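To find a chain, count down the sequence lines: A is the first, B the second, and so on, and within it residues start at 1. Just the heavy atoms: all of them, side chains too, but no hydrogens, waters or symmetry mates, feed the values below. It should be emphasised that the depicted structure is a prediction, and the values quoted were computed from it without experimental measurement.
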Amino acid sequence: MNKNKEPLLHMSKRDGVTLQLKLLVRIISVILGFVISGIVIFAIVKMNPIQVYKSMAAGAFGTGTRMWFTVRDTMILTCIAAGLACAFKMRFWNIGAEGQMLVGGIATAFFMINYPSMSPVLLFACMIITSLLAGAIWGLIPGFFKAKWNTNETLFTLMLNYIAIQLTSFCVSKWEHPFGSNTVGVINQRTMAGWIGNMFSPGYNGDFAWTVVIVLLVCTFVYIYLKRTKQGFEVAVVGDSENTAMYSGIRVPNVYMRTMAISGALCGFAGFLAVSAVSHTISTSTAGGRGFTAIIVAWLAKMNPFYMILISFLLTFLDKGATQIASDFGLNEYASQIIMGIMLLCILGAEFFLNYKVALNKKNKEVA
Amino acid sequence: MENKSQYAIQMKNITKRFGQVVANKNVNLDLKSGEILSLLGENGSGKTTLMNMLGGIYFPDEGEIFINGDKATIASPKDSFGYGIGMIHQHFKLVDVFTAAENIVLGLEGEKGKLNKASLHKAIREIADRYGFDIDPDQKVYDMSVSQKQTVEIVKVLYRGADILILDEPTAVLTPQETDKLFAVMRNMKADGKALIIITHKLHEVLSVSDRVAVLRKGEYIGCVDTKDATQQSLTEMMVGRSVSLNINRPVYENKEDLLIVDNITVRGKDGVKRLEDVSFTAKGGEILGIAGIAGSGQKELLEAIAGIQKLEQGSITYIDDKGENVLLSGMDPLDIIHKGILLSFVPEDRFGMGLVANMPITENIQLRTYRQGKGPMLDRNTPKALSQKIVDDLEVVTPDIDKIPIRRLSGGNVQKVLVGREISCSPRLLMTAYAVRGLDINTSYTIYDLLTEQKMKGVAVIYVGEDLDVLLELADRLVVLCGGKVSGVVDARTTTKEEVGLMMTKLGGGKS
Ligand SMILES: Nc1ncnc2c1ncn2[C@@H]1O[C@H](COP(=O)(O)OP(=O)(O)OP(=O)(O)O)[C@@H](O)[C@H]1O
Ligand SMILES: [Mg+2]
């Protein structure tokens, strides 16, 4: 009476995957991603995929400068993602990194523009502290509303992005230079006050080693904070069950506010880096969508800041490479997005296979 | 229907492993049509795992399953439905904002899912009348009691045409009256030719409802007996593998002193309804104070009010510390209570909803109580590990390890042991437990009773909210009987009778006015 159909596959949860295997599967997934996108490119434009990869690699690493640019963008993306991870660990959907980054950037630019002749130590201290504070406030606002009135943080953080953009436009118009350009222009172009310089050689924008060091520190901080501190433990408990948190004496509203202040502060700090180390200017595109990309980075890295570096690197590489092939082969933007999509699909696929076991159903004996 | 076998289900040589743990080892189980089979076993003996293989949640590593005599491959819950198997899990999977009827057809494809409202209601009514369910198809799930939700789950699988029903600890969350109702329904289904498997740890239920009893021990199939040949004692021995005494020892502690004074408290729920009204009583150190009452009479709110989780509308709660000084508990939140150094432990009713963090391993759940200790901002990771290992050893918690797998993967009973173990390990002066033995096997239940009595003999004030009157009368020294949020009476558990308490539970003051 039953249609005794035997399904071809069956799925079950998988346990006890060793670290080496995990690593291997992930590496294979990335390679697979490249192979598949190569085939797709070939199928669409009949271009030699090897040639396309070469061009992508050239885009990301072709020259010393390009290599540093890739490193630099990887690091800033990682910094934002690390900030977001604090909120995500608490199951607080902070999608307001764009805004938090912008206000951090505004604070930085403010000091660079208004106090260029302050002693460098003091100037940097002011820039760093105020950018952290500005981001913290921008994160604290939705945290406070969530804590007090249980407002929806997704909508709230998203809307604050637009306010931050407007605020930036306003500042740009105030600080406009030269007059009528509707941009701030490069701040302190001559004196380079408030710029983060090279580590290995005199000058600016030759290498971005300081940025690397700074972001590695941020990663270490976030890693230790989430995994090893009492406050990080509270963040995880609140993320899992508010009631359990309350029961065990955690004041949930305080944790929301505290954690969002930290999350926002780190994103604001990314804004400081973007202005002081990279662009030396501020505009509404200073964040440039990286606040959203970082969401993917944080989740794919499972909130581990050191994995975030790898994921950020991959995404940055793809982005740079795609721009390069677009110009080399006259492809449009979509080609790069296809590659990006295929790659993400492969990475997610790897996560699936690491979590689930899929077995072919054989007729009689089942040995898993 | 040609080769219809007498067996609805036959499981042959089933083995299932989770990593190192062998949850089921060469298990054989037969279920006849038209019978109710009890599946009995200690916590972690593999009952749920075995049933989940029928429900399509897990797939056996080895062995075969036959349904109505034909070999079956059950690779998903959908397959399981296809074979006419309906599973009622302990945690319901209903959509809160939908009505009963909407939940019943949810996810159904084809004809049965497309019925119009009138004919759907008619079909539900028919099922309800046939087996004696009480169900309102238009009621929203969030308005339902646990027992009503369970009814929806059962009707749902019947509506989908299940002939074989599996109920995993359905009575753990029911009041005795609701249990009786459920059993009546089950007997009707049996008379209708359906085959049923029920898991329960309450032996009197096993004896009253089932035809046969199958016993698992540490994942292995021990045997099957006819219920009419079994007694509580014989079943316990089969389950545990040695003879155990089922007696609760109730010594007297001599120097009882008042430790907690609850004075005229009133508590309102979120919906504005009074959950507790003018409740007063005193708890003494060296005494187990039982709280009796029909489920939902304010037990939860009472314990939560003492623990600082519920706000009082009126009244006060006073704690008397070890120097004999009064400390006003009411108005404090749980953190204040901790900072004041008040040693209060609380085993709440909802394990994963309040007492534990489902996704964290044992060590971190143990740490929940102690993580604040020690100077500086860093977590101490070694002390909790040692403490967890001690609790796991002392209470014989069955688990593959203590700091890798999330606690929700443990069997229900083992989860409870961790929770109770943690609360006792804080060496409390006041220990509150709500349904501490819910979901625990009989042997472990008695271990818990012994642990509570041991605490009492250390001078701890134990407040024990229970549902089993026999246990309350044997374990507690005094009983506070609640009825509709009010104190119906305070009685001496040694001299009162079950009937008297039963009356007080349903009528304020036991009707004596
Ligand atoms: N998904 C899983 N991963 C790892 N171990 C598991 C998993 N499910 C069950 N186990 C282990 O298998 C054993 C049997 O568990 P199961 O839930 O079947 O017990 P049970 O008899 O239902 O117990 P209880 O009466 O406490 O509910 C336990 O040791 C448990 O820790
Ligand atoms: Mg179970």
Side-chain angles (χ1 to χ4, degrees), chain A residues 1-19 89-91 150 221 224-255 258 356-368, chain B residues 1 4 17-20 56-64 67-68 70-76 78-79 82-84 304 307-309 333-339 346 348 350 352-360 364-365 367-369 371-372 374 376-381 400 404-405 409:
Chain A
M1 63 182 201
N2 278 307
K3 28 185 186 356
N4 207 345
K5 55 161 176 95
E6 296 232 345
L8 205 56
L9 300 170
H10 83 263
M11 259 167 49
S12 54
K13 267 249 175 214
R14 187 198 291 273
D15 278 321
V17 184
T18 60
L19 203 66
K89 185 95 186 194
M90 193 171 63
R91 306 272 163 90
N150 199 23
F221 166 77
I224 292 177
Y225 183 75
L226 289 180
K227 289 232 161 160
R228 298 272 192 274
T229 66
K230 294 175 180 175
Q231 292 194 357
F233 183 70
E234 291 179 343
V235 169
V237 175
V238 170
D240 210 286
S241 160
E242 278 188 38
N243 273 331
T244 304
M246 190 162 71
Y247 156 89
S248 53
I250 295 170
R251 291 189 173 136
V252 178
N254 295 0
V255 176
R258 184 181 74 205
Y356 294 92
K357 188 155 57 180
V358 178
L360 271 175
N361 273 334
K362 287 172 230 132
K363 268 286 171 254
N364 282 310
K365 261 268 156 48
E366 283 286 341
V367 187
Chain B
M1 297 286 144
K4 177 133 178 127
R17 298 183 196 86
F18 294 109
Q20 300 289 314
I57 308 218
Y58 297 139
F59 196 82
D61 292 340
E62 286 162 34
E64 298 178 321
I67 310 277
N68 296 322
D70 298 327
K71 183 169 168 356
T73 309
I74 308 172
S76 70
K78 215 170 141 205
D79 290 357
Y83 286 112
E304 289 185 2
I309 300 169
D333 75 358
L335 190 61
D336 294 325
I337 294 178
I338 295 168
H339 284 331
F346 177 24
D350 188 355
F352 289 136
M354 184 171 270
L356 299 166
V357 184
N359 288 318
M360 287 184 173
E364 289 177 23
N365 272 293
Q367 204 165 10
L368 208 52
R369 271 279 176 206
Y371 78 95
R372 284 185 193 83
M378 305 308 281
L379 276 180
D380 171 6
R381 287 151 43 95
K404 286 190 195 67
I405 67 162
R409 294 275 190 85

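Only the side chain of S241(A) comes within contact range of chain B, with at least one heavy atom under 4.5 Å from a heavy atom of that chain. For A236(A), the parts lying near chain B are the backbone and the side chain together; criterion is any non-hydrogen pair under 4.5 Å. Using a 4.5 Å cut-off between heavy atoms, F352(B) touches chain A through its backbone atoms (N, CA, C, O) alone. For D336(B), the parts lying under 4.5 angstrom from a heavy atom of chain A are both the backbone and the side chain. In this structure, chain A has heavy atoms under 4.5 Å from both the backbone and the side chain of N359(B). Using a 4.5 Å cut-off between heavy atoms, R228(A) touches chain B through backbone and side chain atoms alike. For I338(B), the part lying near chain A is the side chain, with the backbone staying farther off; criterion is any non-hydrogen pair under 4.5 Å.
Among the candidates I309(B), D380(B), L368(B), the residue making the largest number of heavy-atom pairs closer than 4.5 Å to chain A is L368(B). The candidate with the highest count of non-hydrogen atom pairs below 4.5 Å against chain A, out of R372(B), E364(B), H339(B), R369(B), is R372(B).
For the residue pair Y371(B) and I250(A), the shortest heavy atom distance occurs at OH-CG1, 3.3 Å. Among all heavy-atom pairs drawn from T244(A) and L356(B), the shortest one is OG1-O, 3.0 Å. Here the shortest heavy-atom pairing between P334(B) and G249(A) reads CB-CA, 3.7 Å. Of all the heavy atoms in M378(B) and I224(A), the pair that sits closest is CE-CG2, 3.6 Å. Closest heavy-atom contact between L379(B) and F233(A): CD1-CB, 3.9 Å.
Separating the CD atom in E304(B) from the CE atom in M246(A) is a distance of 7.0 Å, to the nearest 0.5 Å.
The environment of K230(A) atom NZ is dense: over 12 non-hydrogen atoms of other residues, nucleotides or ligands sit within 6.0 angstrom.
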